Amino acid sequence: MWESIKNFLRRHKRKFFVTGAVFGGAVLLWKFAQWKLQQWKDQETKDCLAMARRQHHFDSNQRTCNMTVLSMLPKLKEAIRHMLNSEKIVEALNKKPENRVDLWKELKIVSFCRTVASVYSTAMLVVFLRVQLNIIGGYMYLDTLPGKNGMNKERVLATPEVQQRYLSNVQYLLNDGMFSLVSAVKEAVTNVLASMPLQKKLGLRDIERLCSSIRCQVEAAKLGEQGSGMECTIHPLVRYMVPVEEDDGLGQDSACHILEEQLIISKLMLETRDMLESSDFHSVLNTCLDIGFSRVLDNMAEFFRPCAGSDLQSSGPSCVQLPLAKIIPIINSQIDSICGDTPNPFIQELLLMKCVKDFAANVYEAFSQLPPDPTHDP
């Protein structure tokens, strides 16, 4: 019996080996497939958690940005009021001085300047803070990651000191930048309105054309030319948000003496300038400005409604005209709706615009990505 079994095994030895090899290979393949599937599931779970974590951080960053814009509006409004003090002119007019005509002409210029400057400054503040807070937000997110592709895990780039110093650059917009902006706006308004008599009647379309003429002059200036002779693509309003770029003095001899914090802030400012020079920034800022000036005209439309029983009642406000002297108080008060305290429909509209949200997401996405790991390079 045992001899027959041995003979059977000897005769079918090859078949047993093949069958065992196939069965064993199938088991190993099944185990490998299970391991790869589990590995894929673990990676998917990890990626989903990381995505949810980054989305939560991004949403929190946008809420912070919105609150920062709203908190800075009073200071922005006060800066414009201080530089363009129409209340002082009105107070002088109430005393009925002999130079009333000259005061009215001055009030005409100042009133339009206040409204135009308020639209420019609020739009720039909203978009500029979106750039700043999403750049630093991306750095802060990277600092929370456990590993940074070979970088020192203990090294934090966006320290509280770096955040404070970098974000304090918005003060330039509220101080020196605002002063330069008001000067440019005043020059443009004077060119457009100086010769216009106070008795001239204007409609909403006329005011729209005046605003367009003022905008053309304010935004027509170029920031010089590049070395190649081509016009620079920097938006003309960028000069009011950040100082003109100068040599940082970071030469080879002095670089070793510069603190790491200063180098990080210098890098942040260079990246900020790159974003301000992008076509996306130009597009978003121009859209915000268009909405701002449209909001001004919408606010003024209620003062151009025809009187009851008038022949123009069926035509609407577009056909009503008012003397420039009566338009001046209306345009002068627009700063309260453009830069007013919360709830501010105009600011809320800017903050909730799709293009502003998409732009913020793109900036955050660009600066919250880990750099490529040099150890994985071929």
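All of these numbers come straight from a predicted model, not from anything done at the bench.
- Annotation: side chain of Gln171 is in contact with side chain of Leu174 (closest heavy-atom distance under 4.5 Å).
- At least one donor-acceptor pair closer than 3.5 Å links the side chain of Asn344 to the backbone N or O of Ile347.
- Cys339 and Leu76 make their closest contact through SG-CD2, 4.4 Å (heavy atoms, listed as atom of the first residue, atom of the second, distance).
- Here the rule is side chain to side chain contact (heavy atoms under 4.5 Å, CB included) with Cys113, and of Met83, Lys186, Glu187 only Lys186 fits it.
- Formation of a donor-acceptor pair under 3.5 Å by the Asp341 side chain with backbone atoms of Pro74 is not found in this model.
- Side chain of Ser111 to main chain of Lys108: no donor-acceptor pair is present (N/O by atom type, distance under 3.5 Å, no hydrogens or angles).
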Test log, rule side chain to side chain contact (heavy atoms under 4.5 Å, CB included), inputs Tyr364 and His57: CA-CA 10 Å; Tyr364 184 86; His57 188 268; 2.7 Å; yes

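- Contact between Val218 and Ala184 at its shortest, heavy atoms only, is CG2-O, 4.2 Å.
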Using atom types as modelled, flag every donor-acceptor pair under 3.5 Å from a side chain in residues 351-359 to any protein atom, sequence neighbours excluded.
{"residue": "Lys354", "atom": "NZ", "partner": "Asp358", "partner atom": "OD2", "Å": "2.7"}

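- Checked by atom type and distance alone, the side chain of Ser283 never pairs as donor or acceptor with a backbone atom of Asp280 at under 3.5 Å.
- Note that the CE atom of Met275 and the CG atom of Asn134 stand 9.0 Å from one another [nearest 0.5 Å].
- Nearest heavy atom pair, residue Ala117 against residue Leu181, reads O-CD2, 4.2 Å.
- Using a 4.5 Å heavy-atom cutoff, the side chains of Tyr166 and Thr272 are in contact.
- Looking at Leu268 and Val162, their side chains come closer than 4.5 Å, going by heavy atoms from C-beta outward.
- One distance of note links CD of Gln132 with CE of Met269; it measures 7.0 Å at 0.5 Å rounding.
- Here the straight-line distance linking atom CG of Asn332 with atom CD of Gln334 works out to 9.5 Å at 0.5 Å rounding.
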Candidate pair Gln217 and Asn191, rule side chain to side chain donor-acceptor pair (under 3.5 Å), full reasoning: CA-CA 9 Å; Gln217 294 195 31; Asn191 292 337; 3.0 Å; yes

Derivation and outcome, side chain to side chain contact (heavy atoms under 4.5 Å, CB included), residues Glu208 and Met300: CA-CA 11 Å; Glu208 183 179 9; Met300 296 181 66; over 6 Å; no

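- Using a 4.5 Å cut-off on side-chain heavy atoms (C-beta onward), Val131 and Met241 make no contact.
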Stepwise side chain to side chain contact (heavy atoms under 4.5 Å, CB included) test for Tyr141 and Asn61: CA-CA 10 Å; Tyr141 174 76; Asn61 195 53; over 6 Å; no

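- No donor-acceptor distance shorter than 3.5 angstrom exists from the side chain of Glu219 to the backbone of Pro236, with no hydrogens or angles considered.
- Between Tyr120 and Phe293, the ring planes lie perpendicular to each other; the angle is over 60°, past the 30° to 60° tilted range.
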Step-by-step side chain to side chain contact (heavy atoms under 4.5 Å, CB included) determination, Phe128 to Val242: CA-CA 10 Å; Phe128 181 65; Val242 290; 3.9 Å; yes

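- Residues Leu204 and Phe303 are not in side-chain contact: their nearest non-hydrogen atoms beyond the backbone lie 4.5 Å or more apart.
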Side chain to side chain donor-acceptor pair (under 3.5 Å) between Asn66 and Gln62, worked out: CA-CA 6 Å; Asn66 294 344; Gln62 302 322 296; over 6 Å; no

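- Contacts of Phe281 classified as ring pair (Phe, Tyr, Trp, His ring centres under 6.0 Å), with partners at least two apart in sequence or in another chain: none.
- Aromatic ring centres of Phe179 and Tyr172: separated by at least 6.0 Å.
- How far CD1 of Ile328 is from CG of Leu193: 8.5 Å, rounded to the nearest 0.5 Å.
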Worked verdict on Arg114 versus Ser86 for side chain to side chain donor-acceptor pair (under 3.5 Å): CA-CA 9 Å; Arg114 274 165 60 123; Ser86 61; 2.8 Å; yes

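- Within the 3.5 Å criterion, the main-chain N or O of Arg165 finds a donor-acceptor partner in the side chain of Ser168.
- Atom CG of Leu73 is separated from atom OG1 of Thr68 by 11.0 Å, given to the nearest 0.5 angstrom.
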Step-by-step salt bridge (Lys or Arg N to Asp or Glu O under 4.0 Å) determination, Asp206 to Arg209: CA-CA 5 Å; Asp206 299 318; Arg209 283 192 289 269; 2.4 Å; yes

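- At least one donor-acceptor pair under 3.5 Å links the side chain of Thr115 to the backbone N or O of Ile331.
- Between Cys288 and Val127 the shortest side-chain heavy-atom distance falls below 4.5 Å.
- When atom types are taken as modelled, the side chain of Ser266 and the backbone of Leu263 share no donor-acceptor pair closer than 3.5 angstrom.
- Of the possible polar contacts, one joining the Asn286 side chain to the His282 backbone as a donor-acceptor pair under 3.5 Å is found.
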